[in-house]
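Report on the structure given below.
Atoms within each ligand, like the ligands themselves, are counted from 1 in listed order. These numbers were taken from a predicted model, which means no experiment stands behind them.
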Amino acid sequence: MPKKQDLELENIPTENYTADKIQVLEGLEAVRRRPGMYIGSTDIRGLHQLVYEVVDNAIDEALAGSADHITITIDTDNVVTVTDNGRGIPVDIHPQTGKSALEVVMTKLHAGGKFGGGGYKVASGLHGVGVSAVNALSEWFESTVRRDGILYRQNYKRGVPQADVKQVGKYPTGERSGTIQRFFPDKQIFKNIDYKFDVLQQRFREMAFLTKGLAIKFTDEREGRAATFYFEGGITSFVRYLNKNRKTLHTPFHVSAPVEGNYIEAAIQYTTDYNESTLTFANNINTHDGGTHLTGFRSALTRALNDYARRNKILKEGENALTGEDTREGLTAIVSVKLQEPQFESQTKAKLGNAEMKTQVESVVGEAFSEWLEEHSKEAKEIIQKGITAARAREAARQARDLVIRKSALESLSLPGKLADCSEREAENAELYIVEGDSAGGSAKQGRDRKFQAILPLRGKIMNVEKSRLDKMLQNEEIRALITAIGTGVGNTFDMTNLRYSRVILMSDADVDGAHIRTLLLTFFFRYMQPLVEHGHLYIAQPPLYKVKIGKEEQYLYDDHALEELRKKNKNGKFDLQRYKGLGEMNPEQLWETTMNPANRTLLQVTVEDAAEADRTFDMLMGNEVPPRKRFIQTHAKHAKLDV
Ligand code: 0RA
């Protein structure tokens, strides 16, 4: 953390040291003193947040209808450049402060999106702190504006302007105006400046889906990777993308409408799946925990389908109506709303609170979807039939679940027999290793510290979660052992307070089969125990790939990169190389030393994004669509051969 003096001594112009300037400096200093309050954290997430904040500003310009092209570049020196072809941040002098509007936007907290009034309808961004916070947390920042044929520029160090906004040149008449933001994050704040292409690209893709007609080009010069996202179909394309590997029942339904200054949009496509994937957004922010827009959407769907079913006698008189849950089986949907004054229920903006959104979304989606059903009677019947089947399955599942609960209540000790539990009773200090295969399970049982480490061996591949419903899944012995060992229950009845281990660690072989079972388990956790993942309780163990012997000395290597390094360092010397094909090849002591001993091991903490990715991969592997699975197995089969 920088000392107070760092900020005050550096580069402060002495003239015009007005009250306003003091205020700005205090603001910047507050950001630097407690960066977490503004960008969430100073780890990789916070680093990515810097990029998102700057990109969000450009997206706002696109949402205002003034930009249709954004580029993001990370160069080999980790400098980030974000350009847009919008109107350019205004540079004219603000009468009250006597300063260029650009300087105000770049240095005043919360001056970002709302600045200038009329031009701006909505502002996105998770934290919404504006670009000035990014400026304060950057070793240097350079803003360039193209407006009216002139190039304007201002440079900053740790948020402090180095001079007034200056004209630095011209650009050809006829070319677009725009804004170019370049910055380098401050190493005093961010320990590790290593952006993750895949994480960033995921977000940019989402942004492009949510802003129809916007092209986002992302280039990573460090790895020579680039991606361009442009979707003419907007959220309809988003739904198609999510259903890429699923069998769909119809072409997507789409509706959009302005309502009282807000803007409401939804896209729907049913699949043959059993799961629901509805994503909701408010001002381009992913509202993971839903809120009023989701509630309105769901009641519209349930009502429209039940009304249609009654009118057309698909549901007979006296037959129960479909529940919301029934109408959501196999549903993929995007609900995206843009509001003048969004209210979020939590600090993380994960839940939308505006009460008017429920009625607005409900009426827009309800009317349009009912009309669509009338015009697509064949599809309507299929969707409703699927709902009726879901209702029957739900009833069967309830009975099966009752059976499971009754059964476990009768068994005095409900913990699974194959669980080798630890003596520790406090979840806080206890760990559960889920180990693939009985032989590796045996090594793990012998190698562990039985005080706090429990072992649950799973035999072979657990069943295909995707294709089976909850009722079937609960009948599977491996799954039941897993659920009872963890203690929380699943799905709607999940209860974190019953968690028996604060760390649930997946340990599988470093080969294709190991990757497969890991994907399977991640999918299970993503679908049925998501809060466990959200709260950071799920981990992946990292067993070594190689053991190397140089003379008498032994060393473990955890990836191919380490092996390459060793080969380079040890060009002439001889060494003995053993490749571990599976956990079973290690004896208990080795397994403890390399993979289970907290003093030596590395654990990868699983994020919801990781699990969601596994879920998509899983769809591809196990879903009903055959061609993508074939493709995956073919490409991976090649890798498998190269590996051995
Ligand atoms: C305030 C007002 C106007 C444009 C912008 C801000 C603006 C901000 C950013 C941030 C990144 N790119 C941007 N482009 C524009 C409208 C000014 C006018 O009416 O000309």
Side-chain angles (χ1 to χ4, degrees), residues 38-39 49-74 79-97 99-138 140-156 159 161 165 167-168 171 173-183 200 203-204 207-208 210-211 213-218 283-285 338 340-341:
Y38 298 84
I39 53 160
Q49 194 58 43
L50 297 186
V51 184
Y52 298 153
E53 286 292 344
V54 177
V55 173
D56 284 351
N57 275 283
I59 301 256
D60 283 346
E61 190 61 3
L63 288 176
S66 304
D68 62 5
H69 200 270
I70 293 173
T71 70
I72 302 116
T73 306
I74 301 173
V79 173
V80 178
T81 306
V82 179
T83 76
D84 68 68
N85 62 354
R87 292 163 295 185
I89 301 176
V91 289
D92 47 312
I93 302 294
H94 200 231
Q96 281 109 25
T97 57
K99 270 200 246 306
S100 166
L102 174 62
E103 178 168 335
V104 178
V105 167
M106 291 304 297
T107 56
K108 263 207 156 157
L109 281 178
H110 303 293
K114 295 276 152 54
F115 185 81
Y120 259 20
K121 285 249 160 52
V122 291
S124 58
L126 180 62
H127 294 267
V129 291
V131 68
S132 58
V134 182
N135 193 9
L137 300 174
S138 295
W140 59 262
F141 203 119
E142 181 186 270
S143 289
T144 309
V145 170
R146 291 156 63 99
R147 262 180 96 97
D148 309 322
I150 295 170
L151 283 177
Y152 300 88
R153 179 166 295 157
Q154 189 169 40
N155 293 284
Y156 319 83
V165 174
Q167 300 193 7
V168 292
Y171 63 91
T173 35
E175 273 188 20
R176 294 278 298 244
S177 55
T179 303
I180 302 142
Q181 301 281 45
R182 301 184 71 222
F183 66 96
L200 292 170
R203 165 87 169 219
F204 299 149
M207 288 297 187
L210 293 169
T211 319
L214 170 66
I216 301 182
K217 181 168 188 211
F218 176 33
N283 292 0
N284 282 7
I285 298 164
K338 310 254 163 74
Q340 300 274 14
E341 308 230 0

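- Atoms of ligand 1 found under 4.0 Å from any heavy atom of Asp84 (numbered from 1 in listed order, with element): 11 (C), 12 (N), 13 (C).
- Taking distance alone, with nitrogen or oxygen atoms compared against 3.5 Å, Asn57 stays at or beyond that limit from ligand 1.
- Screening Val54, Val82, Thr179, Ile89 for a side-chain contact (heavy atoms from CB on, under 4.5 Å) involving Val131 leaves a single residue, Val54.
- For atom 2 (C) of ligand 1, the nearest non-hydrogen atom from the set Pro90, Ser143, Gly88 comes from Pro90.
- Within the 4.0 Å heavy-atom criterion, the part of Arg147 lying near ligand 1 is the side chain and not the backbone.
- Annotation for ligand 1: atoms under 4.0 Å from non-hydrogen atoms of Thr179 are 12 (N), 13 (C), 14 (N).
- Taking Glu341 as the reference, nothing meets the salt bridge (Lys or Arg N to Asp or Glu O under 4.0 Å) condition, with sequence neighbours excluded.
- Relative orientation of the Phe218 and Phe204 rings is perpendicular, given thresholds of 30° and 60° on the angle between their planes.
- Salt bridge status for Asp56 with Arg203: present, with a side-chain N to carboxylate O gap under 4.0 Å.
- The side-chain hydrogen bond (donor to acceptor under 3.5 Å, both in side chains) test applied to Glu103 returns Gln154, not counting sequence neighbours.
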